[in-house]
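Step one of this worksheet: look at the structure below.
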There are 2 protein chains.
Amino acid sequence: MPAIQSPAGAAPVPMIQLWRGGMLESTHLGHAVICDATGQIVESWGDPQAVIFPRSSCKMLQALPLLESGAADAHSLTDRQVALACASHQGAAIHTDAVTRWLADLGLADDDLRCGAHEPYDTAERNRLIRAEEKPCQCHNNCSGKHAGFLTLNRHLKGGPEYIDPGHPVQQAVKQAFEETTGESSPGYGIDGCSAPNFATSVHGLARAMARFAAATGTGDARDRAMHRLTRAMGQYPEMVAGEGRACTELMRAMDGRVALKTGAEAVFIAIIPERRMGIALKVTDGGTRGAEGAIAALLVKLGVLDPAHPATLKRLDAVQKSWRGMETGILRRAPGFP
Amino acid sequence: MPAIQSPAGAAPVPMIQLWRGGMLESTHLGHAVICDATGQIVESWGDPQAVIFPRSSCKMLQALPLLESGAADAHSLTDRQVALACASHQGAAIHTDAVTRWLADLGLADDDLRCGAHEPYDTAERNRLIRAEEKPCQCHNNCSGKHAGFLTLNRHLKGGPEYIDPGHPVQQAVKQAFEETTGESSPGYGIDGCSAPNFATSVHGLARAMARFAAATGTGDARDRAMHRLTRAMGQYPEMVAGEGRACTELMRAMDGRVALKTGAEAVFIAIIPERRMGIALKVTDGGTRGAEGAIAALLVKLGVLDPAHPATLKRLDAVQKSWRGMETGILRRAPGFP
């Protein structure tokens, strides 16, 4: 089986460090690739061939068949819904209301989802549930928008209800789009937290796919139009992709929606940069989210598309850490030499 | 300034890995030392001289002056309170009630604490606060037991109210005990999340201190008796040291309280093993808690003091990961060659 740190590949490099009291406390290592629209590496750190699970960072790839097949148009999906299909949302009312209405439009309900339920990350909705003594439903799952997209595609493909089975037509369509877009045969898949298959690829493959999204003009074939629409929908509705206070939403807003961003569990992050026709993919090898957030911010600053002094940047990079009483305790910043 | 990964020192080694779909997804690297009662290294991984902040893993060191000074006896502290002074508790009612009563016994109140407030990790207490529309108080802070100990020592030392200032007699007493026990001059301190100073030392220094605790007989000088009492109090009241469901509590119970364990933020873990007169200290260099929990379990299994098949072990080592619907998705396990 392929391994992230194969003996043949370069070791991951220090990307983000936590300093406390003038001393280094913790270090996040990772692999990163900036890729251009021809699929060539512009710059890389660590091992571009490291095999990773993109996890939720590839939700726009998983949404390609939804748009390309015509299912999205057949069901008159709005761009707001298209953004939600790419989301790891925090289960705020704006997200759960949208998923619930979407399912109703399909004549479906929460029970038709296969993502499972978990407590929402949104504090207001979490507290509402606790006060009402309600349990979270599957629409609170951060992946419920993606699953609503799967169900819409499934209606179009006339597949069975277990749309998350790796052999189901929905997942087979996802796999084909994933491999064509990354330009690689996937070496295999894992099961994600939402029970859907997640196909592995190299960091280069994931960055190559994102560069293709970045280069889409919206005037070409079905895939080109789908990529163009997904990228713009994410940038136009950043609050639907994650939620208030979260990295994807805040950083996309900081760039006025000109760049599409998506995080994935276990510290994956991607960026789609249309104005540069470039894509970025990175994986912090320890799975620490703060490392991936700091690293993507550093690469966006390096490329000149993110303001290093923007408050959304300074929450993740050169980020002052404070105690519970508000005393400064340390700083999260670039490792020397990165990027 | 010293750095965790100094050029002269050995690199951290892979300790714990997350596997998904038969492929390696994430890796935690770290440094670890097993030390005997003479201060000699029995076995080590990575760089024994790596400088770390012990964070909360050294709370029993921070409690030494409380016992050695006679303050604990003068205030008739129970062993349950002594365990709480070493705690990173989850703010359950058993913890907050005990801290509140302790403060009252001193004629003090929540406002006299300097640890700051945060939402408790205990779900029942968190939900109670939300339903009652109450804010958490400082007694909910996971360090409030340590701070109650500081306040008790402060009463004895007749210091001012800002007992967390690095120059305050309480912290000077902590520093002296810390340096004497680790056997090293601390290269400096950082400010912890609870606003108290946290002194740096090497992984070897921290393990050496823990071996001294392990070798204490309770029949020697004030330090020996304090170390003996602290170790036994932690093992006897594991629920006071952390709380239901948490690693320190569950793993100490799995060893029938014969070993004292303590976690620290940024992935530090220590063990005090009286039956072997040994101490362990480890730091996962990315700061990932699951890595430190898996690594300490692996070392305790290696030493034969923890059952690898105990449910508390299998939550942290060879730990099956599941999706929100209960499907198996992966496993958290030892990296090849560790320990």
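So that the names make sense, note that chain A is the first sequence line, chain B the second, and so on, each numbered from 1.
Side chains of D286(A) and V284(B) form no contact here, defined as non-hydrogen atoms less than 4.5 Å apart.
Of the atoms belonging to R114(A), heavy atoms from both backbone and side chain fall under 4.5 Å from chain B. For a residue to count as touching a neighbouring chain, one of its non-hydrogen atoms must lie under 4.5 Å from one of that chain's; by this rule C143(A) does not touch chain B. Residue L113(B) does not touch chain A at all, counting heavy-atom pairs closer than 4.5 Å. Neither the backbone nor the side chain of I16(A) has a heavy atom closer than 4.5 Å to any heavy atom of chain B.
Contacts from residues 131-142 of chain B to chain A, taken as heavy-atom pairs separated by less than 4.5 Å, involve R131(B), E133(B), N141(B) in sequence order. By a heavy-atom distance cut of under 4.5 Å, G193(A), S195(A), A200(A) are the residues of residues 193-205 of chain A near chain B, going up by number. For a heavy-atom cut-off of 4.5 Å, chain A lies close to R325(B), M327(B), E328(B), T329(B) in residues 325-338 of chain B.
At least one donor-acceptor pair under 3.5 Å links the side chain of K283(A) to the backbone N or O of E25(B).
With values rounded to the nearest 0.5 angstrom, L29(A) atom CG is found 6.5 Å from T285(B) atom OG1. Atoms CG and CG, from N127(B) and N127(A) in turn, are 8.5 Å apart once rounded to the nearest 0.5 Å.
Looking only at heavy-atom pairs under 4.5 Å with chain A, the residue among G116(B), G188(B), S323(B) that has the most is S323(B). Contacts with chain B were tallied for G288(A), C115(A), G291(A); C115(A) has the most, counting heavy-atom pairs under 4.5 Å.
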Could you walk me through whether R20(A) and E266(B) pass salt bridge (Lys or Arg N to Asp or Glu O under 4.0 Å), step by step? CA-CA 11 Å; R20(A) 182 181 303 270; E266(B) 295 296 325; 5.2 Å; no

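In this structure, Y189(B) places its OH atom where only 12 or fewer heavy-atom neighbours from other residues, nucleotides or ligands lie under 6.0 Å away.
In this structure, the ring pair (Phe, Tyr, Trp, His ring centres under 6.0 Å) partners of H89(A), at least two apart in sequence or on a different chain, are H95(A).
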